[in-house]
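Convention: sequence-line order gives letters A, B, ...; per-chain numbering from 1. Being a predicted model, the structure only gives us computed values, none of them experimental.
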Amino acid sequence: MVIVSENFNLQQIADSGQCFRMNEIGKDRYGLVAYGRYIELEQVDYDKIWFSCSEDEYQAIWKSYFDMDYDYNSIVQSLKNGEDEFLAKAAAYGSGIRILRQEPFEMLISFIISQNKNIPSIKKCIEGLCTKYGEKRISQDCGGKEYYTFPAAEVLASANKEDLRELKLGYRDQYVINGAKFVTEGQNDLNKLKDCSHEEAVSALRTITGVGLKVANCISLFGLHHIEAFPVDVWIKKVLDEVYEGRFDVNLYPGYAGIVQQYMFYYIRNLNM
DNA sequence: ACCCAGGCCTGGA
DNA sequence: TCCAGGCATGGG
(Lines give C-alpha, C1' and ligand atoms only; values in the text may rest on other atoms or scores of the structure.)
Protein backbone atom coordinates (compact mmCIF):
# COMPACT_ATOMS: atom_id res chain seq x y z
CA MET A 1 0.00 0.00 0.00
CA VAL A 2 1.07 3.60 -0.60
CA ILE A 3 0.88 6.61 1.72
CA VAL A 4 0.98 10.18 0.45
CA SER A 5 2.66 12.78 2.67
CA GLU A 6 4.74 15.90 2.04
CA ASN A 7 6.76 15.36 5.21
CA PHE A 8 7.86 11.75 5.15
CA ASN A 9 11.35 10.91 3.92
CA LEU A 10 12.72 7.47 4.67
CA GLN A 11 16.37 8.35 4.24
CA GLN A 12 16.07 11.33 6.57
CA ILE A 13 14.25 9.32 9.23
CA ALA A 14 16.73 6.45 8.99
CA ASP A 15 19.66 8.86 9.34
CA SER A 16 18.18 11.08 12.04
CA GLY A 17 19.70 9.09 14.89
CA GLN A 18 16.40 8.27 16.61
CA CYS A 19 16.02 4.67 15.42
CA PHE A 20 18.74 2.08 15.12
CA ARG A 21 17.00 -0.81 13.36
CA MET A 22 15.94 0.90 10.12
CA ASN A 23 18.44 0.07 7.41
CA GLU A 24 18.79 0.76 3.71
CA ILE A 25 18.43 -2.50 1.78
CA GLY A 26 18.33 -1.10 -1.76
CA LYS A 27 17.86 2.13 -3.64
CA ASP A 28 15.30 4.21 -1.71
CA ARG A 29 14.27 1.02 0.08
CA TYR A 30 14.47 0.30 3.81
CA GLY A 31 13.88 -2.63 6.13
CA LEU A 32 12.69 -2.04 9.69
CA VAL A 33 12.08 -4.17 12.77
CA ALA A 34 9.74 -2.76 15.44
CA TYR A 35 6.95 -4.03 17.67
CA GLY A 36 8.02 -7.59 16.89
CA ARG A 37 7.43 -7.14 13.17
CA TYR A 38 9.43 -6.56 10.03
CA ILE A 39 8.37 -4.31 7.17
CA GLU A 40 9.96 -2.92 4.07
CA LEU A 41 9.37 0.60 2.84
CA GLU A 42 10.20 2.36 -0.38
CA GLN A 43 10.32 6.04 -1.24
CA VAL A 44 8.59 5.86 -4.63
CA ASP A 45 8.29 9.63 -4.95
CA TYR A 46 9.16 12.64 -2.80
CA ASP A 47 5.70 12.46 -1.27
CA LYS A 48 4.86 8.78 -1.70
CA ILE A 49 5.86 5.88 0.54
CA TRP A 50 5.20 2.25 -0.28
CA PHE A 51 4.62 -0.13 2.67
CA SER A 52 5.02 -3.89 2.37
CA CYS A 53 2.24 -4.50 4.92
CA SER A 54 -1.53 -4.74 4.57
CA GLU A 55 -3.89 -1.83 5.09
CA ASP A 56 -5.05 -3.43 8.35
CA GLU A 57 -1.52 -3.67 9.73
CA TYR A 58 -0.79 -0.11 8.69
CA GLN A 59 -3.83 1.13 10.54
CA ALA A 60 -3.08 -1.00 13.61
CA ILE A 61 0.63 -0.29 13.97
CA TRP A 62 2.55 1.75 11.46
CA LYS A 63 0.25 4.75 11.19
CA SER A 64 0.88 5.46 14.84
CA TYR A 65 4.55 4.41 14.65
CA PHE A 66 5.24 7.05 12.02
CA ASP A 67 3.13 9.62 13.91
CA MET A 68 0.91 10.17 10.87
CA ASP A 69 -1.72 12.18 12.73
CA TYR A 70 0.69 15.00 13.56
CA ASP A 71 1.01 18.05 11.31
CA TYR A 72 4.74 18.36 10.63
CA ASN A 73 4.14 20.58 7.65
CA SER A 74 2.94 23.53 9.69
CA ILE A 75 6.07 23.36 11.86
CA VAL A 76 8.36 23.18 8.85
CA GLN A 77 6.57 26.10 7.23
CA SER A 78 6.69 28.29 10.33
CA LEU A 79 10.41 27.59 10.82
CA LYS A 80 11.15 28.25 7.15
CA ASN A 81 9.33 31.57 7.42
CA GLY A 82 10.71 32.43 10.86
CA GLU A 83 13.49 34.76 11.91
CA ASP A 84 15.96 32.05 12.89
CA GLU A 85 18.07 31.55 9.77
CA PHE A 86 19.83 28.43 10.97
CA LEU A 87 16.54 26.72 11.86
CA ALA A 88 14.97 27.83 8.58
CA LYS A 89 17.72 26.03 6.70
CA ALA A 90 17.68 23.04 9.04
CA ALA A 91 13.90 22.57 8.75
CA ALA A 92 14.03 22.84 4.97
CA TYR A 93 16.89 20.34 4.87
CA GLY A 94 15.20 17.77 7.12
CA SER A 95 11.56 18.45 6.29
CA GLY A 96 10.84 14.73 5.92
CA ILE A 97 11.82 13.82 9.48
CA ARG A 98 9.12 12.56 11.83
CA ILE A 99 9.38 11.63 15.52
CA LEU A 100 8.67 7.90 15.61
CA ARG A 101 6.62 6.34 18.40
CA GLN A 102 9.04 3.60 19.33
CA GLU A 103 8.83 1.03 22.11
CA PRO A 104 9.84 2.48 25.48
CA PHE A 105 11.96 -0.46 26.62
CA GLU A 106 13.81 -0.64 23.32
CA MET A 107 14.57 3.07 23.60
CA LEU A 108 15.70 2.72 27.21
CA ILE A 109 18.26 0.04 26.34
CA SER A 110 19.25 1.54 22.99
CA PHE A 111 20.07 4.93 24.42
CA ILE A 112 21.89 3.44 27.39
CA ILE A 113 24.11 1.73 24.82
CA SER A 114 24.41 4.92 22.77
CA GLN A 115 26.52 6.81 25.30
CA ASN A 116 30.01 7.65 24.07
CA LYS A 117 29.50 5.66 20.85
CA ASN A 118 28.92 6.61 17.24
CA ILE A 119 25.76 5.55 15.42
CA PRO A 120 27.21 2.66 13.34
CA SER A 121 28.69 1.20 16.52
CA ILE A 122 25.39 1.58 18.40
CA LYS A 123 23.55 -0.24 15.61
CA LYS A 124 26.04 -3.09 15.68
CA CYS A 125 25.65 -3.56 19.44
CA ILE A 126 21.84 -3.48 19.28
CA GLU A 127 21.70 -5.97 16.42
CA GLY A 128 23.97 -8.27 18.38
CA LEU A 129 21.74 -7.93 21.43
CA CYS A 130 18.67 -8.83 19.36
CA THR A 131 20.34 -11.80 17.68
CA LYS A 132 21.48 -13.22 21.01
CA TYR A 133 18.48 -12.44 23.21
CA GLY A 134 15.56 -11.69 20.86
CA GLU A 135 13.15 -14.09 19.18
CA LYS A 136 13.87 -15.31 15.68
CA ARG A 137 10.96 -14.76 13.33
CA ILE A 138 10.12 -15.12 9.65
CA SER A 139 8.26 -12.50 7.64
CA GLN A 140 5.71 -13.95 5.25
CA ASP A 141 5.10 -10.58 3.63
CA CYS A 142 8.76 -10.11 2.75
CA GLY A 143 9.80 -13.37 1.12
CA GLY A 144 10.61 -15.34 4.25
CA LYS A 145 12.99 -12.72 5.59
CA GLU A 146 14.50 -13.77 8.95
CA TYR A 147 14.72 -11.22 11.69
CA TYR A 148 15.09 -10.97 15.47
CA THR A 149 12.79 -9.07 17.80
CA PHE A 150 14.13 -6.73 20.46
CA PRO A 151 14.70 -8.70 23.69
CA ALA A 152 12.16 -8.67 26.51
CA ALA A 153 13.07 -6.94 29.77
CA GLU A 154 12.93 -10.25 31.69
CA VAL A 155 15.52 -11.78 29.37
CA LEU A 156 17.99 -8.90 29.68
CA ALA A 157 17.46 -8.59 33.43
CA SER A 158 18.68 -12.15 33.89
CA ALA A 159 21.50 -11.98 31.35
CA ASN A 160 24.96 -12.35 32.83
CA LYS A 161 27.60 -9.75 32.32
CA GLU A 162 30.13 -12.08 30.73
CA ASP A 163 27.75 -12.86 27.87
CA LEU A 164 26.92 -9.19 27.40
CA ARG A 165 30.62 -8.41 27.39
CA GLU A 166 31.00 -10.55 24.27
CA LEU A 167 28.65 -8.18 22.48
CA LYS A 168 31.20 -5.39 22.98
CA LEU A 169 28.96 -3.20 25.08
CA GLY A 170 31.98 -2.21 27.13
CA TYR A 171 31.27 -0.69 30.53
CA ARG A 172 27.61 -0.24 29.50
CA ASP A 173 26.84 -3.93 30.15
CA GLN A 174 25.92 -3.34 33.79
CA TYR A 175 23.87 -0.29 32.79
CA VAL A 176 21.83 -2.46 30.40
CA ILE A 177 21.12 -4.90 33.22
CA ASN A 178 20.22 -2.01 35.51
CA GLY A 179 17.75 -0.70 32.92
CA ALA A 180 16.11 -4.10 32.49
CA LYS A 181 15.86 -4.60 36.26
CA PHE A 182 14.28 -1.17 36.63
CA VAL A 183 11.36 -2.62 34.68
CA THR A 184 11.22 -6.17 36.06
CA GLU A 185 12.21 -5.75 39.70
CA GLY A 186 11.07 -2.20 40.26
CA GLN A 187 7.65 -2.96 38.79
CA ASN A 188 8.03 0.15 36.70
CA ASP A 189 5.66 0.23 33.76
CA LEU A 190 7.40 2.41 31.20
CA ASN A 191 4.10 3.00 29.43
CA LYS A 192 2.84 4.80 32.51
CA LEU A 193 5.61 7.34 32.03
CA LYS A 194 3.85 8.36 28.81
CA ASP A 195 0.96 9.67 30.86
CA CYS A 196 2.96 11.74 33.31
CA SER A 197 4.92 14.85 32.41
CA HIS A 198 8.21 14.89 30.55
CA GLU A 199 9.98 16.21 33.65
CA GLU A 200 8.57 13.44 35.85
CA ALA A 201 9.56 10.82 33.27
CA VAL A 202 13.12 12.13 33.13
CA SER A 203 13.58 12.12 36.88
CA ALA A 204 12.17 8.60 37.16
CA LEU A 205 14.49 7.32 34.42
CA ARG A 206 17.50 8.99 35.99
CA THR A 207 17.19 6.79 39.07
CA ILE A 208 18.75 4.08 36.86
CA THR A 209 22.52 4.02 37.21
CA GLY A 210 23.72 4.57 33.67
CA VAL A 211 20.89 6.91 32.62
CA GLY A 212 21.89 10.55 32.79
CA LEU A 213 20.22 13.73 31.61
CA LYS A 214 20.86 13.29 27.88
CA VAL A 215 19.87 9.63 27.68
CA ALA A 216 16.74 10.25 29.76
CA ASN A 217 15.70 13.02 27.38
CA CYS A 218 16.18 10.75 24.37
CA ILE A 219 14.06 8.03 25.97
CA SER A 220 11.39 10.60 26.81
CA LEU A 221 11.37 11.99 23.27
CA PHE A 222 11.66 8.82 21.21
CA GLY A 223 10.16 6.20 23.55
CA LEU A 224 7.50 8.13 25.45
CA HIS A 225 6.71 10.69 22.75
CA HIS A 226 7.16 13.67 25.02
CA ILE A 227 7.99 15.86 22.05
CA GLU A 228 8.83 18.83 24.23
CA ALA A 229 12.05 17.02 25.24
CA PHE A 230 15.26 18.62 23.99
CA PRO A 231 18.20 16.21 24.33
CA VAL A 232 21.62 17.89 24.24
CA ASP A 233 24.39 15.67 22.92
CA VAL A 234 27.81 16.65 21.57
CA TRP A 235 26.31 17.70 18.20
CA ILE A 236 23.55 19.85 19.66
CA LYS A 237 26.06 21.33 22.10
CA LYS A 238 28.18 22.26 19.10
CA VAL A 239 25.18 24.07 17.55
CA LEU A 240 24.27 25.84 20.79
CA ASP A 241 27.88 26.96 21.33
CA GLU A 242 29.02 27.78 17.82
CA VAL A 243 25.87 28.87 15.99
CA TYR A 244 23.94 30.46 18.87
CA GLU A 245 26.89 31.34 21.12
CA GLY A 246 24.89 30.21 24.13
CA ARG A 247 21.83 32.31 23.38
CA PHE A 248 19.41 29.71 21.99
CA ASP A 249 16.00 29.95 23.69
CA VAL A 250 14.26 26.58 23.72
CA ASN A 251 11.11 28.24 25.08
CA LEU A 252 10.44 29.74 21.67
CA TYR A 253 9.19 26.30 20.62
CA PRO A 254 6.80 25.29 23.41
CA GLY A 255 5.58 21.72 23.26
CA TYR A 256 7.57 20.68 20.20
CA ALA A 257 11.22 21.47 20.98
CA GLY A 258 12.09 17.84 20.25
CA ILE A 259 11.12 18.25 16.61
CA VAL A 260 13.26 21.38 16.37
CA GLN A 261 16.08 19.46 17.98
CA GLN A 262 15.84 16.73 15.34
CA TYR A 263 16.09 19.23 12.48
CA MET A 264 19.16 20.73 14.16
CA PHE A 265 20.79 17.37 14.76
CA TYR A 266 20.23 16.06 11.25
CA TYR A 267 21.39 19.30 9.65
CA ILE A 268 24.59 19.84 11.65
CA ARG A 269 25.64 16.24 11.30
CA ASN A 270 25.31 16.35 7.53
CA LEU A 271 27.10 19.68 7.31
CA ASN A 272 30.08 17.90 8.82
CA MET A 273 30.01 14.92 6.48
C1' DA B 1 50.17 7.49 18.20
C1' DC B 2 46.08 10.49 19.17
C1' DC B 3 41.13 11.81 19.07
C1' DC B 4 36.30 11.16 18.95
C1' DA B 5 31.65 9.02 19.41
C1' DG B 6 23.54 10.97 20.35
C1' DG B 7 27.72 10.38 28.25
C1' DC B 8 27.72 8.87 32.88
C1' DC B 9 29.71 8.02 37.47
C1' DT B 10 32.62 9.10 41.19
C1' DG B 11 35.42 11.97 43.92
C1' DG B 12 37.15 16.41 45.15
C1' DA B 13 37.13 21.35 45.17
C1' DT C 1 27.27 23.48 41.86
C1' DC C 2 30.93 22.55 38.76
C1' DC C 3 35.19 20.13 37.03
C1' DA C 4 38.67 15.99 36.06
C1' DG C 5 39.51 11.65 35.25
C1' DG C 6 38.17 7.07 34.14
C1' DC C 7 35.56 4.13 31.64
C1' DA C 8 35.31 -0.29 26.90
C1' DT C 9 35.39 -0.29 22.19
C1' DG C 10 35.90 0.75 17.26
C1' DG C 11 37.05 3.89 13.56
C1' DG C 12 39.39 7.83 11.44
Side-chain angles (χ1 to χ4, degrees), chain A residues 11-23 90 93-94 97-100 102-129 131-132 150 159-182 198 201-244 246 248 250 257-273:
Chain A
Q11 179 267 320
Q12 290 177 12
I13 293 169
D15 293 341
S16 67
Q18 59 175 308
C19 57
F20 302 106
R21 302 198 72 196
M22 180 173 177
N23 297 303
Y93 187 76
I97 295 173
R98 314 182 72 81
I99 308 287
L100 306 181
Q102 301 184 75
E103 293 178 86
F105 181 66
E106 178 173 344
M107 292 299 96
L108 169 62
I109 301 302
S110 295
F111 279 97
I112 283 175
I113 291 171
S114 78
Q115 61 190 90
N116 220 31
K117 272 184 173 300
N118 55 38
I119 291 176
S121 174
I122 298 164
K123 286 187 167 190
K124 204 172 295 180
C125 284
I126 292 173
E127 219 46 51
L129 202 63
T131 304
K132 188 170 180 62
F150 195 86
N160 66 57
K161 231 195 297 191
E162 291 69 37
D163 292 341
L164 287 172
R165 195 43 75 94
E166 289 176 22
L167 299 176
K168 304 302 179 184
L169 299 181
Y171 62 89
R172 306 164 193 78
D173 49 12
Q174 184 60 51
Y175 296 167
V176 166
I177 294 172
N178 293 346
K181 286 186 173 174
F182 175 79
H198 161 62
V202 164
S203 60
L205 291 166
R206 287 195 68 182
T207 63
I208 303 167
T209 303
V211 175
L213 185 58
K214 187 271 172 182
V215 165
N217 271 274
C218 282
I219 298 164
S220 187
L221 177 56
F222 303 126
L224 306 174
H225 208 72
H226 290 306
I227 59 172
E228 67 269 42
F230 191 84
V232 178
D233 73 320
V234 291
W235 292 97
I236 295 296
K237 181 168 174 15
K238 180 181 171 70
V239 172
L240 300 185
D241 289 349
E242 296 178 13
V243 178
Y244 292 93
F248 179 74
V250 71
I259 297 173
V260 171
Q261 191 269 10
Q262 278 300 97
Y263 296 144
M264 273 185 181
F265 179 82
Y266 179 72
Y267 187 51
I268 193 68
R269 253 173 53 86
N270 285 88
L271 281 182
N272 283 269
M273 285 160 60

Whole-Å distance separating the CZ atom of A:Phe265 from the P atom of B:dG7: 8 Å

Touch class at under 4.0 angstrom, heavy-atom based, for A:Ser121 against every strand present: nothing

Only pairs under 3.5 Å count here: list side-chain donor-acceptor contacts from residues 221-228 of chain A, not counting sequence neighbours, and write none if there are none.
{"residue": "A:His225", "atom": "NE2", "partner": "A:Asp67", "partner atom": "OD2", "Å": "3.4"}
{"residue": "A:His226", "atom": "NE2", "partner": "A:Leu193", "partner atom": "O", "Å": "2.9"}
{"residue": "A:His226", "atom": "NE2", "partner": "A:Cys196", "partner atom": "O", "Å": "3.3"}

From CA spacing to verdict: ring-ring contact (aromatic ring centres under 6.0 Å, His included), A:Tyr266, A:Tyr93: CA-CA 8 Å; A:Tyr266 179 72; A:Tyr93 187 76; 5.3 Å; yes

For atom CG of A:Leu108 and atom P of B:dG7, their distance in whole Å: 16 Å

Are any protein N/O atoms closer than 3.5 Å to N/O atoms in nucleotides 1-5 of chain B? If there are, list each pair with its distance.
{"residue": "B:dA5", "atom": "O3'", "partner": "A:Lys117", "partner atom": "O", "Å": "3.0"}
{"residue": "B:dA5", "atom": "O3'", "partner": "A:Asn118", "partner atom": "N", "Å": "3.3"}
{"residue": "B:dA5", "atom": "N7", "partner": "A:Asn116", "partner atom": "OD1", "Å": "3.4"}
{"residue": "B:dA5", "atom": "N3", "partner": "A:Asn116", "partner atom": "O", "Å": "3.2"}

Nearest to side-chain heavy atoms of A:Lys124, which nucleotide of B:dG6, C:dG11, C:dT9: C:dG11

Whole-Å distance separating the CD atom of A:Glu166 from the C1' atom of C:dT9: 15 Å

A:Asp173 with A:Arg165: basic N within carboxylate O range, under 4.0 Å: yes

Side-chain donor/acceptor pairs under 3.5 Å, residues 111-120 of chain A, sequence neighbours excluded:
{"residue": "A:Ser114", "atom": "OG", "partner": "A:Phe111", "partner atom": "O", "Å": "2.8"}
{"residue": "A:Lys117", "atom": "NZ", "partner": "A:Ser121", "partner atom": "OG", "Å": "3.0"}
{"residue": "A:Asn118", "atom": "OD1", "partner": "A:Ser121", "partner atom": "N", "Å": "3.1"}

Sugar-phosphate only, base, or nothing, as touched by A:Gln262 at under 4.0 Å among non-hydrogen atoms: base

Whole angstrom value for the distance that separates P of B:dG6 from CD1 of A:Ile97: 15 Å

Sequence-aligned protein contact record of nucleotides 8-13 of chain B, with B where the base is within under 4.0 Å of a protein heavy atom and S where only the sugar-phosphate is: SS----

Between C1' of B:dG6 and CD1 of A:Ile219, the distance in whole Å: 12 Å

Whole-Å gap separating C1' (C:dC7) and CG (A:Leu169): 14 Å

Sugar-phosphate only, base, or nothing, as touched by A:Phe222 at under 4.0 Å among non-hydrogen atoms: base

Contacts of type salt bridge (Lys or Arg N to Asp or Glu O under 4.0 Å), residue A:Glu127, not counting sequence neighbours: A:Arg21

Mutual orientation of the aromatic rings belonging to A:Phe105 and A:Phe150 [parallel < 30°, tilted 30-60°, perpendicular > 60°]: perpendicular

Secondary-structure notation, DNA chain B, from Watson-Crick and G-U pairs under 3.5 angstrom (| other strand): .||||.|||||||

